Amino acid sequence: MRVVCFHGRREIGGEALFLSAARIFAGAANHAGFSAQVRTPGFPSPPGSPDRAVVKISREQLSDLAIPAEYDLEIVCDPLLAVVPPMGNALKPGGVLVLNTQSAIRSREIRIASVDIDAIALKYAAAPEAAHLGAALAGWEALEGGISTRNAIEAYREIKGEAMRETEEKALAEAASTTKRALSAE
């Protein structure tokens, strides 16, 4: 089993970018033939507070609903939360950290991709989830592989209830390629 954690902040009404990206990523994993589930803490954080969504992914059917405390891949969606080590210092050895930040952050202990994901979404006037999804796909590819862009586009349509526009597809592709470059530079 692999574990991916999306960090962000809750919005009024309980929704959030990080949660939407996690749901779409889990849907993409399901489309790729994995078993995936999204878990959040028992009680959502108040609006504006840091929060997380954990995606458990396995080739075997998942039945345990526990939220793992260690992660193989962390995506920090909120630039204000882009710290190293990430919140909770829960990245497994050999794991990958993707930070949504304008600054290049490096570490000798952690494999990091610093990518201005928000700027990529803004460049294409795309839904931000699409760019964050692209960064997550690239991080996943560095660890495991097996989830395609096509899987992500199908999951986006199911979760969002609308087809991914061309602008979202471009943002997804650029975020993925930028993240791959950042990881290969490490």
Side-chain angles (χ1 to χ4, degrees), residues 1-8 15-41 51-77 86 90-98 100 111-113 115 117 120-121 126-184 186:
M1 177 180 73
R2 294 279 195 174
V3 181
V4 180
C5 183
F6 289 79
H7 297 279
E15 284 303 309
L17 163 66
F18 76 95
L19 185 54
S20 180
R23 287 177 178 149
I24 297 166
F25 186 77
N30 285 325
H31 277 280
F34 291 95
S35 176
Q37 60 178 228
V38 178
R39 308 292 301 149
T40 58
D51 205 346
R52 71 186 187 281
V54 177
V55 183
K56 297 181 351 182
I57 302 173
S58 176
R59 292 274 180 204
E60 309 299 321
Q61 185 64 36
L62 291 166
S63 57
D64 177 12
L65 298 179
I67 300 173
E70 293 185 315
Y71 317 121
D72 298 289
L73 171 62
E74 291 188 75
I75 313 297
V76 180
C77 300
L91 190 66
K92 292 179 183 177
V96 174
L97 173 62
V98 179
N100 177 19
R111 194 168 173 203
I112 299 175
V115 179
I117 303 170
I120 293 170
E129 299 92 321
H132 288 275
L133 184 57
L137 288 173
W140 179 261
E141 185 66 31
L143 289 172
E144 181 85 16
I147 302 175
S148 71
T149 299
R150 178 64 30 215
N151 299 140
I153 291 170
E154 291 169 359
Y156 184 96
R157 183 181 60 250
E158 287 178 3
I159 304 297
K160 299 284 282 180
E162 58 188 40
M164 187 180 276
R165 299 175 301 156
E166 185 178 342
T167 57
E168 275 86 32
E169 288 186 32
K170 288 179 179 178
L172 184 146
E174 184 171 328
S177 66
T178 303
T179 303
K180 283 180 188 177
R181 280 194 308 277
L183 287 171
S184 67
E186 283 293 307

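Since the structure is predicted, the reported quantities are computational estimates derived from the model, not experimental observations.
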Self-check item: Nearest heavy-atom neighbours spanning A152 and L137
Solution: CB-CD1, 3.7 Å
Quiz item: Would a 4.5 Å heavy-atom cut-off, applied to side chains only, mark T149 and E169 as touching?
Solution: no
Quiz item: Looking only at heavy atoms, which two atoms of A121 and P128 are closest? And how far apart?
Solution: CB-CA, 3.8 Å
Exercise. Check the pair I159, E129 against side-chain contact (heavy atoms from CB on, under 4.5 Å), reporting the backbone distance first and the verdict last.
Key: CA-CA 11 Å; I159 304 297; E129 299 92 321; over 6 Å; no
Quiz prompt | Minimal non-hydrogen separation, C77 against N100, with atom names | solution = O-ND2, 2.7 Å
Exercise. Verify, without hydrogens or angle tests, whether R39 (side chain) and A66 (backbone) share a donor-acceptor contact under 3.5 angstrom.
Key: no
Quiz item: Is any side-chain heavy atom of H31 closer than 4.5 Å to a side-chain heavy atom of S148?
Solution: no
Exercise. Taking all non-hydrogen atoms of both residues into account, name the closest pair between G146 and N151 and its distance.
Key: O-OD1, 4.1 Å
Exercise. Quick one: pull up CG in L172 and CD1 in I153 and give me the separation to the nearest 0.5 Å.
Key: 6.5 Å
Quiz item: Between K180 (side chain) and E141 (backbone), is there a donor-acceptor pair under 3.5 Å?
Solution: no
Exercise. Side-chain contact test, heavy atoms from C-beta onward, threshold under 4.5 Å: evaluate it for V3 versus E70 and give yes or no.
Key: no
Quiz prompt | Nearest heavy atoms of A26 and V55, plus distance in Å | solution = CB-CG1, 3.8 Å
Practice problem: Please round to the nearest 0.5 Å and tell me the distance separating atom CD1 of I24 and atom CE of M164. | Solution: 6.5 Å
Quiz item: Atom CG in L73, atom CD in E144: separation rounded to 0.5 Å?
Solution: 11.0 Å
Quiz prompt | Side-chain heavy-atom pair H132, F25 within 4.5 angstrom cut-off | solution = no
Self-check item: From K170 atom NZ to I120 atom CD1, the distance as rounded to the nearest 0.5 Å
Solution: 14.5 Å
Practice problem: Measure the spacing between CD1 of I117 and OG1 of T179 and express it to the nearest 0.5 Å. | Solution: 5.5 Å
Self-check item: Expected output: side-chain S20 to main-chain L17 donor-acceptor under 3.5 Å
Solution: no
Quiz item: Is it true that the NZ or CZ of R52 lies under 6.0 Å from the centre of F6's six-membered ring and within 45 degrees of the ring axis?
Solution: no
Quiz item: For K56 and L62, which heavy atoms make the closest approach, and how far apart are they?
Solution: O-CD1, 3.2 Å
Exercise. Look at R165 together with E168 and state whether they make a salt bridge at an N to O cut-off of under 4.0 Å.
Key: yes
Self-check item: Separation of L183 CG from I112 CD1 (nearest 0.5 Å)
Solution: 10.0 Å
Practice problem: Could you go through the side-chain contact (heavy atoms from CB on, under 4.5 Å) check for R59 and F34 one step at a time? | Solution: CA-CA 5 Å; R59 292 274 180 204; F34 291 95; 3.2 Å; yes
